[in-house]
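All remarks here apply to the structure that follows.
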Amino acid sequence: MIADDFARRVLRWQADKGRHDLPWQNPPSAYRVWVSEIMLQQTRVATVIPYFQRFIQRFAEIQDLYHAERDEVLHHWSGLGYYARARNLHRAAAQICQQYSGQIPADMGSLQALPGIGRSTAAAILSLSGGQSQPILDGNVKRVLCRHAGIKGWPGKSAVLKQLWQLSEQLTPLQNTAGYNQGMMDLGAMICTRSRPACDQCPLAAECVANHLGQQQQLPESKPKSNKPSRQEWVLITVKNGQVLLKQRPPSGVWGGLWHFPAYSSEPEALASLPDQAKQSKAMVLPSRRHSFSHFHLHIHPLLVEYNEKTNACMEDGCSLWYNIEQPQKLGLAAPVSRLLQEVQQILETNT
DNA sequence: AAATCGGGGAG
DNA sequence: CTCCCAGATTT
């Protein structure tokens, strides 16, 4: 089948059955599409929607993002994961405001030079918001193309990736690229799903290799599985006069720039680090929990220690602070930290 | 080429 | 429980 016919079928289907009411589609400004594309990296649409709404409400324009504190940007990203995306988004906003007077660049090279924007994200911004003819290659397009062309091998391998980019380039039309790219993503999300694809409703089924061979479950090939290691940490939830001690994580690494409880590699080590006024208090052992990252499991063992102090001498040395549970500051908090803080709030108001 | 970087929904 | 999602960046 010639590429032109492929694109026409996708376009017709997307106009008829595709998604037209996603929050970032009206209006599809470059800024809104950019924010959405960053949030959507490795993240489902349904998960992103409420985050996008809150983020855009607070940072309606790129200048609002530029002038915001990083803590508040991370606050609006809390629970979404991959926090380097938020840090890069904030950095890129500064670059765009300083170097491009607030105008998001409209060419692939300039966009890809910005932190957090790779080829597919740059192409999505330019096509969806500006109508430029640029091929994309996200998880949806990979799945559709792997099945349609019967491409074997895991798409994460560079040879397969190169093949997929070449195919996407060939099939992407010069006109109506926004509708086409949106249609490819809609097909992947609504029809050509990972399990049980609805081939009977697919506009590309007639020439789809996987459909003809019944290989929908085998394509695309899945990532070779690896055993994830486990780590342990004991965290001190120190409550003093209704406030909780938090420490800021280093700018890079897991939960970079977010606020976390002081963490230790053993229980005795954690208890030994308590301030003298707290040592007489009995630590409450909260249930341990397992948190899974993409490449390891973290077993968190929380210890709750409450004490009071007349003199409220606040030690805030820039990388640690007392967090007010009742009137929280706008900080970046990882999902398990937010959950723990909620549990602690419950415990504290039950005890009073 | 392989590792790093979250969290949750689906199966 | 495993797998993977509108990927990019670093090693």
Side-chain angles (χ1 to χ4, degrees), chain A residues 18-19 22-25 28 32-52 74 77-89 91-92 111-125 127-129 135-144 154-162 164-165 168 178 181-190 192-196 217 220-229 249-258 260 289-298 332-339:
Chain A
R19 297 173 289 188
L22 295 169
W24 41 91
Q25 289 178 314
R32 292 162 57 88
V33 171
W34 171 40
V35 171
S36 74
E37 286 301 324
I38 301 300
M39 285 188 171
L40 286 161
Q41 287 169 3
Q42 298 292 287
T43 311
R44 297 174 187 285
V45 168
T47 303
V48 163
I49 288 176
Y51 280 89
F52 179 82
L74 288 171
W77 213 271
S78 293
L80 195 55
Y82 283 151
Y83 299 95
R85 295 183 296 175
R87 301 194 303 268
N88 287 334
L89 191 70
R91 276 205 299 150
L111 275 180
Q112 289 185 80
L114 293 168
I117 301 181
R119 181 177 178 184
S120 190
T121 298
I125 295 170
S127 62
L128 297 177
S129 79
I136 61 172
L137 191 61
D138 68 345
N140 290 310
V141 179
K142 286 175 187 170
R143 190 168 51 255
V144 171
W154 175 51
K157 278 180 69 171
S158 60
V160 180
L161 206 56
K162 186 178 176 184
L164 287 167
W165 269 115
S168 181
N181 282 346
Q182 186 62 50
M184 289 294 283
M185 293 190 286
D186 291 350
L187 272 179
M190 303 166 66
C192 197
T193 50
R194 182 161 65 91
S195 60
R196 299 168 50 84
Q217 290 299 329
E221 285 184 18
S222 55
K223 186 176 86 162
K225 62 176 177 184
S226 58
N227 289 329
K228 296 179 183 175
R249 316 249 326 163
S252 65
V254 169
W255 296 340
L258 276 65
H260 186 37
R289 58 215 62 202
R290 192 182 83 154
H291 186 72
S292 293
F293 291 84
S294 48
H295 51 299
F296 68 94
H297 301 290
L298 179 64
L333 300 173
V337 177
S338 292
R339 279 193 287 267

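Within every chain, numbering begins at 1; the chains are lettered A, B, ... in the order of the sequence lines, protein sequences first and strands thereafter. Please read these numbers as outputs of a predicted model, since none were measured by experiment.
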- Message: The criterion is salt bridge (Lys or Arg N to Asp or Glu O under 4.0 Å); which residues satisfy it with R85(A), sequence neighbours excluded?
- Response: none
- Message: Can you confirm whether L333(A) sits close enough to L258(A) that some side-chain heavy atom of one is under 4.5 Å from a side-chain heavy atom of the other?
- Response: no
- Message: Reading DNA chain C from 5' to 3', where do the contacts with chain A start and stop? Cut-off is 4.0 Å to heavy atoms.
- Response: dC1(C) to dT9(C)
- Task: For DNA chain B, find the residues of residues 111-124 of chain A with a heavy-atom distance under 4.0 Å and give them by number; none if there aren't any.
- Result: none
- Item | Residues which pass salt bridge (Lys or Arg N to Asp or Glu O under 4.0 Å) with R19(A), listed by chain and number, not counting sequence neighbours | D186(A)
- Query: Should M185(A) and M190(A) count as side-chain neighbours, where that means a heavy-atom distance under 4.5 Å?
  - Reply: no
- Message: Can a side-chain donor-acceptor contact be found between Q41(A) and T121(A) if the only test is distance below 3.5 angstrom?
- Response: yes
- Query: What string of B, S and - do you get for nucleotides 6-11 of chain B, 5' to 3', when a contact is any protein heavy atom under 4.0 Å?
  - Reply: BBBB-S
- Look at all strands and tell whether V48(A) reaches a base, only sugar-phosphate, or nothing, counting heavy atoms closer than 4.0 Å. nothing
- Message: Would you say that K142(A) contacts V160(A) through its side chain, given a criterion of any heavy-atom pair below 4.5 Å between the two side chains?
- Response: no
- Any side-chain heavy atom of W24(A) within less than 4.5 Å of one from F52(A)? yes
- Message: Applying a 4.0 Å non-hydrogen cut-off, can you work out what K223(A) is touching in the nucleic acid: base, sugar-phosphate, or nothing?
- Response: sugar-phosphate
- Query: Any idea how F293(A) and H295(A) line up, ring-wise: parallel (<30°), tilted (30 to 60°), or perpendicular (>60°)?
  - Reply: perpendicular
- Message: Mind checking if W77(A) touches a base, just sugar-phosphate, or nothing, with heavy atoms under 4.0 Å?
- Response: nothing
- Task: Using the P atom on both, measure dT9(C) against dG8(B) and round to a whole Å.
- Result: 24 Å
- Message: At less than 4.0 Å, is any side-chain N or O atom of H295(A) found next to OP1 or OP2 of dA3(B)? Yes or no.
- Response: no
- Taking the C1' atom of each, how far is dC5(B) from dC1(C), in whole Å? 22 Å
- Query: Using atom C1' of each nucleotide, how far apart are dC3(C) and dG6(B) to the nearest Å?
  - Reply: 15 Å
- Query: P atom, dG11(B) versus dA6(C): distance in rounded Å?
  - Reply: 13 Å
- Query: Pick one: which of V48(A), V45(A), L40(A) meets side chain to side chain contact (heavy atoms under 4.5 Å, CB included) with L22(A)?
  - Reply: V45(A)
- What do you reckon, are the aromatic ring centroids of W255(A) and Y83(A) less than 6.0 Å apart? no
- Go through the structure and list residues passing salt bridge (Lys or Arg N to Asp or Glu O under 4.0 Å) with R289(A), not counting sequence neighbours. E343(A)
